[in-house]
Amino acid sequence: MIRTRFAPSPTGYLHIGGVRTALFCYLFAKKHHGQFILRIDDTDQQRNVEEALQPILDGLHWLGIDWDEGPEIGGQHQPYYQSQRSAKYQAAVEELLRRGFAYRDFAKPEEIQVEREAAVAEKKTFTYSRRWMAETDAGIKKFEEEGRQGVVRLKMPREGKLIINDLIRGQVEFDWATEQDHVIQRTDGSFIYHLANIVDDEDFEISHVIRAEEHLSNTPRQIFMIQSLGYRLPEYAHLPFVAEPGSKTKLSKRKLDKYLKNKDFAKLMNHGKSIADRLGLETTADGFNPVIVDFYRQVGYLPEAIVNAMALVGWALDDKTEFFLMKDLIRDFSLEGVTKGAASFDPQKLFAFQEKHILTKTVGEKVTLCMPFLEKSQSVCVKRNATFLSALVNAAGDRIKVAGDILDFIDFFTPDKALSYNETDVAKRLTPESLPLLTDFRNRLAQHDDFSHEALERLMQQFLDEKQIKVNEIIHALRVAVTGKGVGLGMFDTLEILGKESVLKRIDRALAR
RNA sequence: GGCCCCGUCGUCUAGCGGUUAGGACACGGCCCUUUCAAGGCCGCGGCACGGGUUCGAUUCCCGUCGGGGUCACCA
């Protein structure tokens, strides 16, 4: 049975790089009819674990990355929180000690630091002298009488090689001598991640450890523990990490200021922010930015677009296929298709996937997606029914890229007498030449009852023929009069959707300016 | 600094000894057009460098350079 796991720490947000790792773990498991497990790495006893975990769970649910065992649903290997698994870690530490693969150490941090700095000065690999190592009760007692506090360290081999057969990178060699005697249990008795990690993987029967490349260097010490405890060695697959836009540096949530200097990233952010502002959402950089999944949910991206985009950061099926839904990915995913080099997060490409995916949605689906955004809008709105919204969404067509873009058309919901005007457009389009024509056309409209798109277009054509003018000479003025803006939907769609009463009121108001 | 990983258009990538080095996003131009989108067509643009191996290297090997990761009583 193939079993993979994703092991986030409760940090309060789901990072886009984490999504990619979780997705690949999920896809690999599902592809092979296996199971995907979610485990929570909360070994450093944070408070508010539940609170900091919820956004991560919500994000995964939203994306459709569902787990077979883990928080909320439990499973046969529970608990899935590392903070609740101390007894197992304690047993493992004791076993390591008993077998002589670990020892108690009483060095003070500053004493280790002196040795480490000496090694750096000599440009050599740091190797701990084991001066404060205690392997007997007498030794332990002696150090304790000096007032020293002990930790448990791994007694790493100091010769020979380790060869890791990585499913993505092939054979990777390490010299044991370059590895260090890492701490696995702290002075206060708590456990270090690497220890907890391998104990859990064994306990959860994880067959494939699929994680980001930054863990490759940590693998030797984990394998040492696995072998020392007689556990089964999982397969390893180290993914390239997701890098910053236009760079090869690992993407991090902290460097938002830097990313915003990237024009494409800034564009994505500003688009999202303009929607969030109109919804009255908090947009502090800490919780609202394109590195965090919740950003996309809040402004109305499609989860399938995010999944599609992230799947192709570091993976490809062939030289042409780019559109994938989750089911396609499960069918087509393979570790052979995973790239080795770090792949940078491309905001433009992600947006392009959003455009492609929303194109597949019906008007009805888009209405459902847009509705919550209108309901949350801060603007003063006229109540409109579902038919009205359908007509609007239909006319808007592919102008609605994300659900929040419906707010671009908020003027359709504004009371006629509260319509705001873009003064630049007014100055440019409501000219002495166009105003008389607009007045004439307004009167035609007043005598006309059929406000269907087709009828209005015929009416306009008649008008143009009679006046011997081109459509350009009036239509821009008409648009500004009716919507207050120089850009918008098709003109006849606009008139039809607004309806006769509204259109006349708006034109009159513009003419009265 | 030690160790490890990586290196094809600006970006994501296909390529697994012989290709006019393919696609996508972005960008530029043209067409369509009532604005804005969308769509159609065309274009720009790449194998980091130097040695080998080979009849032949983007592809295999070595080195150089460049980028990155990791070396915590963080995960």
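Computed over heavy atoms, backbone and side chain alike; hydrogens, waters and symmetry mates excluded. Residue numbers start from 1 in every chain, and the chains themselves are labelled A, B, ... in the order their sequence lines are given, proteins ahead of strands.
Listed nucleotides: B/rA75, B/rC36, B/rC5. Nearest to the side chain of A/Ser9: B/rA75. For A/Val471, taking side-chain heavy atoms from C-beta onward, the closest of the listed nucleotides B/rC4, B/rU34, B/rU70 is B/rU34. Among the nucleotides B/rU35, B/rC73, B/rC12, the one closest to the side chain of A/Val151 is B/rC73. Counting only heavy atoms from C-beta on, A/Asn218 has its side chain closest to B/rC71 among B/rC71, B/rG67, B/rG23. For A/Val172, counting side-chain heavy atoms from C-beta on, the closest listed nucleotide (B/rC12, B/rU34, B/rC5) is B/rC5. Set against B/rA75, B/rC3, B/rA37, the side chain of A/Thr178 has B/rC3 as its closest nucleotide.
Between A/Phe204 and A/Tyr80, the ring-plane angle classifies as tilted under the 30° and 60° cut-offs.
With P as the reference atom, B/rG50 and B/rU13 are 26 Å apart, rounded to whole Å.
Judged by a 6.0 Å distance limit and a 45° cone about the ring axis, A/Arg186 is not positioned over the six-membered ring of A/Phe191. Under the 6.0 Å distance and 45° angle rule, A/Lys253 counts as a cation-pi partner of A/Tyr13. With A/Phe24 as the aromatic partner, A/Arg20 meets the cation-pi criteria of under 6.0 angstrom to the ring centre and within 45 degrees of the ring axis.
Scanning atom types as modelled, no donor and acceptor separated by under 3.5 angstrom connect the side chain of A/Thr125 and the base of B/rC3. Side-chain to base pairing of A/Arg399 with B/rC36: one donor and one acceptor N or O lie within less than 3.5 Å of each other. Residue-to-nucleotide contacts include no donor-acceptor pair under 3.5 Å from the side chain of A/Thr249 to the base of B/rG68. Side-chain atoms of A/His194 come within donor-acceptor range of the base of B/rA75, with a qualifying N/O pair under 3.5 Å. Applying the 3.5 Å distance criterion, the base of B/rA24 shares a donor-acceptor pair with the side chain of A/Lys349.
Listed pair A/Lys250 / B/rC6 fails the phosphate criterion, with no side-chain N or O lying under 4.0 Å from OP1 or OP2. Between B/rC3 and A/Gln180, no contact under 4.0 Å exists linking OP1 or OP2 to a side-chain N or O. A sub-4.0 Å separation between OP1 or OP2 of B/rU13 and a side-chain N or O of A/Thr339 is present. An OP1 or OP2 oxygen of B/rA72 is reached within less than 4.0 angstrom by a side-chain nitrogen or oxygen of A/Arg116. Between A/Arg186 and the phosphate of B/rA75, there is a side-chain N or O to OP1/OP2 separation shorter than 4.0 Å.
At a threshold of 4.5 Å between non-hydrogen side-chain atoms, the residues A/Asn308 and A/His357 count as touching.
Classification of A/Arg479 and A/Asp425 as a salt-bridged pair fails, no side-chain N sitting under 4.0 Å from a carboxylate O. Checked for salt-bridge contact, A/Glu146 and A/Lys108 miss the test: no charged N lies under 4.0 Å from a carboxylate O.
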Between the protein and nucleotides 38-46 of chain B, list every N/O to N/O distance that falls short of 3.5 Å.
residue : atom : partner  : partner atom : Å
B/rA38  : O4'  : A/Asp398 : OD1          : 3.2
B/rA38  : O4'  : A/Asp398 : OD2          : 3.3
B/rA38  : O2'  : A/Asp398 : OD2          : 2.8

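A stacking contact links A/His215 to B/rA75: the aromatic ring centre lies within less than 5.5 Å of the base's six-membered ring centre, and the planes differ by less than 30°.
Note on A/Ile474: nothing from the nucleic acid sits closer than 4.0 angstrom, heavy atoms only.
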